[in-house]
Enquirer: 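One structure, as structure tokens, below. Some questions next.
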Amino acid sequence: MTQPRLKPPEQLDEGEAKMELAFLAAEIARHDRAYHEMDAPLISDAEYDALRRRNDTIEARFPHLVRPDSPSRRVGAAPATGFAKIVHRVPMLSLGNVFAPEEFAEFCDRARRFLARSQPFAMVGEPKIDGLSLSLTYEDGALVRAGTRGDGTEGEDVTTNVRTIAAIPAQLKGKAPTRIEIRGEVFMTKADFLALNAAQEKAGGKVFANPRNAAAGSLRQLDAAITASRPLSFFAYAMGETSEVVATSHWAYLERLRHWGFVVNPLSRRLDAETDAPAFQDEMATRRADLAYDIDGVVYKIDELALQTRLGFVGREPRWAIAWKFPAEQATTKLLDIQIQVGRTGALTPVAILEPVNVGGVLVARATLHNEDEIRRLDVRVGDTVRVQRAGDVIPQVLGIVAEARPHGTHPFHFPRRCPACGSHAVRAEGEVVWRCSGGLTCPAQVEERLIHFASRGAFDIEGMGEKSVHEFHALGWIRSPADVFRLPAREDEIAKLDGWGEQSAANLVRAINERRRIGLARFIYALGIRRIGAANARLLARHYGDLETFLAAMQQAVDPDSEAHVTVTSIIGIGPAIAEELAEFFGEERNVRAVRALAAEIAVEPEEVSGGGVLAGKTVVFTGTLPTLSRPEAKAMAERHGAKVTDSVSKRTDYVVIGADAGSKARKATELGITVLDEDGFRALLGGAS
Ligand code: IVH
């Protein structure tokens, strides 16, 4: 608790603030020592937190007074994984998938429509290696930083380890830009993978499931000497941030990469027209088995970089590149049982329990059956022989049954109408395929799943709070909601007495929990486990709203689908109406809001830097009529890239109306309301000639 004799932070003058920060640094350090080194806290957690909060508040008012030994600098300096985080200024995104020529043709048609163009595209085809993407930053030709992809916007700094990989030049050959970020794939060849596993097995070390895991495990070593001893390879294939234009086509860029000393996959090929892709796809499929490394398809990229820029991204995928995957690996095995798994949002997912079978090098014992309709469509029954498929990292799935192998006496599967965990009614909303447990937070399975998610690595990352301990504490009635997790330290003695615990592990857990009493807003949002809010969406929200109070206030207003706050959520790039609806649903429930507030009261949520603007930040733009060169989606994407919110109807809140041919009533209304009306040239001028 804040001590009553202290002045409220807003009344402190600079001299007082400076003195108090010095006092707090020493005092908090003293309590840290008592707590961590002597296991003998001198004050309660709440009192300790109050000290930290006061320190934060004063620092927020007087940022120039933050001391080098400030407690706010000490905690969280070393992320749990042991690697520092790096932020990708140009996000590292993923690729959409296609599996057939028609789907590939549709991808090309979409890009053509977006560009309002009629000619075919020249493309580059590159084998798609299932490895680990890496971002390499070079300054004046020297490698200064290497980062993993992470969730696309934030990865791990693996510079020291990457310096040990021979295929990655420490210094670029020839003339290099002042600053350039080069991206590519770290991987392990099949032979290297087998040899490594054999050696590991002999030494009693970890054996890897596949070359991808082996590459990932080898790169993410805290000891770079281990990485150095592992046979890692690298192909360069993409561009990140760059200080100058280095090529006008992707093909020419690959050529430059080679000159700088990178290995570019020699099978990459420039295709004059997209219609050459199916033949290239067939050729790669045939050569696949003879390659030294695993590939799971071919990546096709539109060659002209100016077109790539114009096409940009939709969600997390580029409009200018696509992965055309090979058919996934399959096998047949026996279906032993169908179990219903309850997810953290109550979804009831049928899971096939299989006689373990090797599918393309991985042992598969469980596969998803998706939902009730899928089971009915396949007429899958316990006892059947089923065909299972595994594609990359995707959860294996049951494709169908081998009808001839069906034994006598099987029965159709009846999807339960009640939750197997809590007995609540299952409900299936109109138009949805998923049955959900209606128990909400009264369902122990949902509560446990949410808590597991809450404590998991990407969320609060509490060491020692895995599935097992969550289950145990939940069964004891000690944790019902996230806030309870932070009340566990009060039960340290009781925890120590539990089977399999003991004083040391209880103390470790308490320490791990207390270490997480400060958390960034993005992780906080992610930890809530709202449907569709993964780490990347959480970060988008955090960067948009900045701090917890602003976020919560906006979310509560946005519950009303007609509110301006709701429209704002949908206009955050990367967030769409479906996600906005999930947020509205979550924050529309009073008990969720209460749980979030109770949690916030236990901890300190650190604000996130609000993503800056673009020339149209905060502006609302309406497009109407046909523009001379820009398609509507391209125009909209351009406006959004520069920070604008694009809406359909003109109102007092509209800042610009961009009109084309045959613009109707919206143009009139804009004039009536005195809103700035622009044509395409005017719009482009507004963006300052930027694309
Ligand atoms: S380009 C925005 N090119 O596939 C597009 N990716 O599914 C960036 N990958 O994360 C990726 N080979 O790890 C690209 N020749 C290639 C690739 C490739 C493998 C991986 C990469 C990426 C994933 C997307």
Side-chain angles (χ1 to χ4, degrees), residues 88-99 103-104 107 111 123-136 146-156 158 162 167-168 181-189 210-213 215-216 219-220 232-242 247 249-251 253-255 257-258 262-271 277 280-281 284 288 291-303 305 307-326 328 391-394 535-536 574 637:
H88 302 300
R89 303 233 306 236
V90 176
M92 291 182 81
L93 299 156
S94 54
L95 292 166
N97 290 330
V98 295
F99 289 90
E103 292 170 9
F104 176 76
F107 160 80
M123 289 196 146
V124 175
E126 301 165 357
K128 183 173 188 299
I129 296 178
D130 198 12
L132 209 81
S133 50
L134 200 63
S135 144
L136 306 166
T148 62
R149 174 175 143 181
D151 64 10
T153 49
E154 199 178 272
E156 286 171 336
V158 287
V162 162
I168 296 179
E181 186 195 343
I182 288 158
R183 295 174 175 179
E185 201 86 352
V186 178
F187 64 97
M188 205 176 275
T189 64
N210 52 47
R212 183 184 191 281
N213 287 357
L219 184 66
R220 296 181 67 257
L232 292 171
S233 309
F234 181 78
F235 281 145
Y237 57 61
M239 199 179 321
E241 256 194 318
T242 165
S249 72
H250 183 64
W251 189 244
Y253 174 65
L254 294 182
E255 197 47 41
L257 287 174
R258 277 193 201 98
F262 285 100
V263 189
V264 171
N265 192 322
L267 297 176
S268 301
R269 190 174 303 165
R270 184 173 189 279
L271 308 171
F280 187 64
Q281 187 75 14
M284 290 300 123
R288 179 182 188 187
L291 296 180
Y293 41 81
D294 283 333
I295 64 172
D296 59 356
V298 179
V299 181
Y300 292 93
K301 301 174 180 174
I302 292 178
D303 192 29
L305 295 180
L307 293 181
Q308 290 191 4
T309 309
R310 281 178 61 193
L311 284 161
F313 293 83
V314 54
R316 293 187 213 309
E317 294 166 6
R319 290 193 188 85
W320 46 266
I322 191 87
W324 184 346
K325 295 284 201 67
F326 296 135
D393 278 350
V394 187

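Model, not experiment: these values are computed from the prediction. When a ligand or atom number is given, it counts from 1 through the structure's own listing order.
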Enquirer: Hey, is E181 close enough to R183 for a salt bridge, meaning N to O under 4.0 Å?
Expert: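 The answer is yes: the pair qualifies as a salt bridge.
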Enquirer: At the 4.0 Å heavy-atom cut-off, does A238 count as touching ligand 1?
Expert: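 Distance cut 4.0 Å: A238 fails for ligand 1.
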Enquirer: Between the candidates Y237, F313, W320, Y300, which shows the shortest non-hydrogen contact distance to atom 6 (N) of ligand 1?
Expert: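 Closest candidate by heavy-atom distance is Y237.
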Enquirer: Distance to 0.1 Å, residue and atom name: give those for the protein heavy atom nearest to atom 10 (O) of ligand 1.
Expert: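 Result: R149 NH1, 2.8 Å.
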Enquirer: Taking C-beta and beyond as the side chain, do V263 and S233 meet within less than 4.5 Å on heavy atoms?
Expert: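 Side-chain contact under 4.5 Å: no.
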Enquirer: How far is atom 8 (C) of ligand 1 from the closest protein heavy atom, and which atom is that?
Expert: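 Here the nearest protein heavy atom works out to L93 O, 4.1 Å.
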Enquirer: State whether the side chain of H88 and the backbone N or O of S135 hold a donor-acceptor pair below 3.5 Å, judged by distance alone.
Expert: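 It does not hold such a pair.
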Enquirer: I need the nearest protein heavy-atom contact for atom 13 (O) of ligand 1: residue, atom name and distance, please.
Expert: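 For this ligand atom, the closest protein heavy atom is E185 OE1, 2.7 Å.
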Enquirer: Can you find an N/O atom of E126 closer than 3.5 Å to an N/O atom of ligand 1?
Expert: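 Yes, at least one N or O pair falls under 3.5 Å.
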Enquirer: Tell me if the CZ atom of R258 is crowded by more than 12 foreign heavy atoms within 6.0 Å.
Expert: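 Enclosed: over 12 neighbouring heavy atoms sit under 6.0 Å from CZ of R258.
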Enquirer: Short question: side chain of Y237, backbone of V264 - any donor-acceptor pair under 3.5 Å?
Expert: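 No, because the side chain of Y237 does not come within donor-acceptor range (under 3.5 Å) of the backbone of V264.
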Enquirer: Tell me which protein heavy atom sits closest to atom 2 (C) of ligand 1, plus the residue, atom name and distance to 0.1 Å.
Expert: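 Looking only at protein heavy atoms, the one closest to atom 2 (C) of ligand 1 is P318 CG, 3.6 Å.
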Enquirer: Is there a donor-acceptor pair under 3.5 Å between the side chain of R319 and the backbone N or O of F313?
Expert: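 A pair under 3.5 Å: yes.
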Enquirer: Which of these, K301, H250, K128, has its nearest heavy atom closest to atom 4 (O) of ligand 1?
Expert: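 Residue with the shortest heavy-atom distance to the ligand atom: K128.
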Enquirer: Write out the residue and atom name of the closest protein heavy atom to atom 19 (C) of ligand 1, then the distance separating them to 0.1 Å.
Expert: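 Result: I129 O, 3.2 Å.
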Enquirer: So which protein heavy atom does atom 5 (C) of ligand 1 come closest to, and at what separation?
Expert: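 Here the closest protein heavy atom is L95 CD2, 3.5 Å.
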Enquirer: Tell me, with the steps shown, if E103 and I322 meet side-chain contact (heavy atoms from CB on, under 4.5 Å).
Expert: CA-CA 10 Å; E103 292 170 9; I322 191 87; over 6 Å; no
